Amino acid sequence: MTETGLAFSGGGIRSAAFSSGVLRRLLQRNTKIDYLSCVSGGGYTGSAYVDWKYRNGNIDDPRWHQEFFAHMRKWSGLMCNWQKPLHGVVDTLIILLLILFFCVLMPLILWGSYVFPVAYLIDSCFGNLLREEFHCPDPPTTSLPLNNTLPVPQGIRRPRCQVETGTKSYYRLVLFSVSAAMFVIFYILAKTLPKHRHGLYLVSTLFGLLFSFTFIPYCIHFLFQGTPVSVQLLVLVFSLAVWIFFPFLRRRSSFVVVVYLYSYIVYWRVFKDSIFGLKYCDYLFFRLMFAFGFVLWIAPALGALQQRLVYLFNRWRLQRAFYTPQSVGKWGCQGVGLEDLFLASCKCASQTEYKHLGHDESGPLTLGDLGPNMKPQYMSNVVVNEWSLDEDEKQRYELLVMSPTVIERLDRREGQVQFEGRLEPKHVKLSAAMATSAAAVARNMGAYEDSTVGLKQLQVVLGLGMDSFWVSDVESLRKRNCCWEILPFVIEVLRVLPLVTFPLVYFLKGERADDEIWVAIGVFSFFLLLGALTIFSVWRTGSENPGCMEKLTRWFAVNVPVVRYMRQLLSVANRGPTPPPILLLSDGGHIENLGILPLLKKRLQKIVVVDGGLKTENSDWGKDLLYAFSLAREKLHCSFIGLDGRDVIEDIKEEFVNTADGLKPRSYRCKVHYYEKNDILERGRKVGEGEILLLAPRHPNKGIKKQECVTWKEALRDIDVDLEAGKWGTGPQRNAEEVDSLTCCCCDCCHKSCLQRLSPDCLCGVFPRHSTANQFFTPRMFTAYHCEGYNACLEAEAAEFLSARQDVEMASPTDDRDTNGAQWQAS
């Protein structure tokens, strides 16, 4: 109850710059902080600070502090550094090539490798039904006009084609009707029976695919007869646009688009017709299927590259920009290895030895290296997705807090075992914890899942996302023997082997039609093996005492990429106290963007929250704090009031939000009361209270001006340290003309007031609301937010606020503190 905490919010490099200014002021005042909770961009500053402190002997010193902040300022353009034009061009080209690689090339390779076996399977099972023509009766004896374009004389009707019972055309209609009906029935059952949701959803998907791969090619056959190639292409483009741009259809657009494109190849195979001017022939089709069979062998490696390369690229740029060279090496890539790319499929992932590094040893730091004695204790906030503790719990995500002492969910129950003996702080690299907390673009979005559900499947298909995947039981990987190391590779070889061996026999025999049975055996064997692996993709996990089938499912999910990928595509949730085999982690801001919840759970006496999040409107100020308070009430049983006892919601509105321009404060203070829930009495028991101080940036024309502008020398008159005036300006306070010139430009020399009109607010925002997505962040922009953070900390007297508890603690005897604790319990 006498400890303090500091929270750095999310908000990309903008929040990192603002937080760095607050940190500078607190360090200059020698403020003691016990816990440092970071989210997303705030973790850039927080994790970099503990990295530099560790490398400097775990001692704070103004000399390396000054070097640390200068280093952050220099590398503020971490993704596109245009301070050197050639460097900026190279960075931009790298990003464009990554987008081209992930959005175009990789999906074509990964998804295209399955299309030819699917087309052959549909043709073998249903090709005769689809090709059968309707039975049309003989024309009437009365002769019709020779020119069919002329109207038919009254009383004479053209004969209509009929569907007779027992014919192939009749069974074709039965196929369409039954597959569509079963698709709808099992989809409804999956919605009404949540316990068997994933199995029923899989059956529904299979019937939906059967209907799509038979009905759509049949429709294409009638549509493309005698149609010019240009019209065929126009139909394709228009059909794709309908699914992609209509909001109602966009939710399943990516999956439907893949199925729709598959249907064209099925049509090409079944009806042996030309498609977009390309004439069908067995010679071409079988060789394409054989060639893509070999692609399926390397598909796991390509899939891992597609799913994780963006995350690793982001992590590399972040650690290279802000960490010490001793931790990340000359090129900044030290610590990013094959085990991060291929998870358990790489042998080195299970053989890595986790050793504690000394201050003078080089190598990537882990959370375990920091140790419990390092102050402040770094805490990284991430979101773990597709995991609910109870069977009936609807929320499938929760905040996961990682620190040098423990890794746990925020809602972890007392005495509940989660990651002990499985995943410990020594297994988590500091840069990985930081980069995962900053994975804002993710396939799983936590609390924002509903608003982005329309993009989720598209992101999975295209591999778009910076989210991370971690094995939850690293210790088991380290202890497995050589046989278990080889088995995943054997499974991957056997999975594709029928698709390349049996067609090879067909080619060697001269490609005769009567020997096509070898191709059929290979394709059917391939899909039987794929179906067996699919069973493991939907089997439930998470039980406290798992059975043999669940243990086998967990092994397949960790070691076989196909099973892991299908579980993600089908959104299979882990239900139970045991962590999922693969942790799907994303930005901590997808639940709570301030990082205050872990500090409230520790019931700290003094908490400073640095809010550098994006605010698009004036009414947004204070919203993140109120949302965090609502979560704290629900999850941690906290209560909040203003300093004068007023309701905290009204107090924030009146004292912090709804104030006139020129009088808007950069800080807000309130009280928190901590309660402990008593399950026996079913009521809360007060166990303590504390104070919260919020710091936020303001525009110079809108924020309070408590004093005249001062220089750095005047601001630091009580501290024996000097700043480079040429880099950090004349003082911590900025004027309106300086910050208004910080528009969307690449270099510091581009920041001119005359260019402000050329950069609209909707493009990149204006100070202090520059867009989080703005990757052209310049040192001058970093300086402006850094100084604003310093000024806000100075104005709110945050250092004095945190130091107050230390003075009280030293002045109060131990017995008095124990008496106060007894009084809280009695109340």
Side-chain angles (χ1 to χ4, degrees), residues 111 114-115 117-126 129-130 171-218 243 249 251-263 266 386 388 391-392 394 396 453 456-457 460-461 495 523-543 547-550 552-554 556-557 560-576 580-581:
W111 287 93
Y114 288 93
V115 66
V118 168
Y120 185 87
L121 181 68
I122 296 298
D123 180 43
S124 301
C125 296
F126 309 105
L129 292 180
L130 297 177
Y171 289 116
R172 178 173 57 219
L173 291 179
V174 173
L175 171 65
F176 294 159
S177 303
V178 172
S179 58
M182 297 301 288
F183 164 70
V184 175
I185 291 173
F186 278 97
Y187 183 81
I188 295 174
L189 290 176
K191 291 292 186 181
T192 55
L193 301 175
K195 187 175 182 180
H196 306 285
R197 172 180 176 269
H198 299 301
L200 294 172
Y201 182 69
L202 176 62
V203 176
S204 173
T205 302
L206 292 177
F207 276 110
L209 292 176
L210 176 60
F211 174 76
S212 301
F213 291 151
T214 54
F215 181 74
I216 297 178
Y218 185 73
W243 283 97
L249 304 174
R251 180 172 180 176
R252 300 290 180 185
S253 61
S254 58
F255 188 70
V256 171
V257 166
V258 172
V259 172
Y260 185 62
L261 295 177
Y262 267 47
S263 299
V266 173
E386 303 297 348
S388 57
E391 184 68 38
D392 299 329
K394 293 183 179 181
R396 303 196 298 179
V453 69
K456 181 175 180 179
Q457 282 193 344
V460 174
V461 169
R495 181 178 66 90
V523 172
F524 278 89
S525 300
F526 169 75
F527 279 104
L528 284 176
L529 292 174
L530 186 63
L533 294 176
T534 303
I535 295 175
F536 293 108
S537 68
V538 297
W539 202 271
R540 65 163 294 166
T541 57
S543 302
C548 294
M549 188 63 182
E550 183 172 340
L552 196 60
T553 299
R554 296 180 68 89
F556 270 93
V560 181
V562 173
V563 175
R564 182 165 63 242
Y565 185 80
M566 293 185 68
R567 287 178 68 89
Q568 184 187 1
L569 189 65
L570 297 173
S571 299
V572 179
N574 185 86
R575 298 189 179 277

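Fair warning: this is a prediction, and the values are worked out from it, not measured in the lab.
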- Message: Measuring only between side-chain heavy atoms, which start at C-beta, is L533 closer than 4.5 Å to R495?
- Response: yes
- Query: Looking at V523 and P117, what are the two nearest heavy atoms and their distance?
  - Reply: CG1-O, 3.7 Å
- Knowing that exactly one of V572, V538, V562 qualifies, which makes a side chain to side chain contact (heavy atoms under 4.5 Å, CB included) with R567? V572
- Message: When you compare the side chain of S571 with that of E386, does any pair of heavy atoms fall below 4.5 Å?
- Response: yes
- Roughly how far apart are L121 CG and F527 CZ, rounded to 0.5 Å? 5.0 Å
- Identify the two heavy atoms, one from P581 and one from A557, that lie closest to each other, and give their separation to 0.1 Å. CG-CB, 3.8 Å
- Query: In this structure, are over 12 heavy atoms from other groups packed under 6.0 Å from F215 atom CZ?
  - Reply: no
- Task: Using the side-chain contact (heavy atoms from CB on, under 4.5 Å) rule, take D123 and V266 through it: C-alpha gap first, then chi angles, then the decisive distance, then the call.
- Result: CA-CA 7 Å; D123 180 43; V266 173; over 6 Å; no
- Any side-chain heavy-atom pair of R554 and N574 under 4.5 Å: yes
- Here the gap from F176 atom CZ to L173 atom CG, rounded to the nearest 0.5 Å, amounts to 7.0 Å
- Message: Between S124 and Y120 (side chain of the first, backbone of the second, donor and acceptor by atom type, cut-off under 3.5 Å), is there such a pair?
- Response: yes
- Message: In the structure I gave you, are the side-chain heavy atoms of M549 and I535 within less than 4.5 Å of one another anywhere?
- Response: yes
- Query: Just how far is it from atom CH2 of W111 to atom OH of Y262, taken to the nearest 0.5 Å?
  - Reply: 6.5 Å
- Query: Measuring from S525:OG to L530:CG, what's the distance to the nearest 0.5 Å?
  - Reply: 12.5 Å
- Query: Side chains of Y201 and K191: does their closest heavy-atom pair fall under 4.5 Å?
  - Reply: no
- Closest heavy-atom pair, S263 versus S212, reported as atoms and distance to 0.1 Å, is OG-O, 3.6 Å
- Query: About how many Å separate OG1 of T214 and CG of L175, when rounded to the nearest 0.5 Å?
  - Reply: 4.5 Å
- With a 4.5 Å heavy-atom cut-off, do F126 and L210 have their side chains touching? yes
- Message: What I'd like to find out is whether the side chain of Y218 reaches to under 4.5 Å of the side chain of F213, using heavy atoms alone.
- Response: no
- Query: Would F207 and F183 count as a close aromatic pair, with their ring centres under 6.0 Å?
  - Reply: no
- Would you mind reporting whether R540 and H198 have side-chain heavy atoms less than 4.5 Å apart? no
- Value rounded to 0.5 Å, distance of OG in S204 from CD1 in I185: 10.0 Å
- Query: Between S543 and E550, is any side-chain donor less than 3.5 angstrom from a side-chain acceptor?
  - Reply: yes
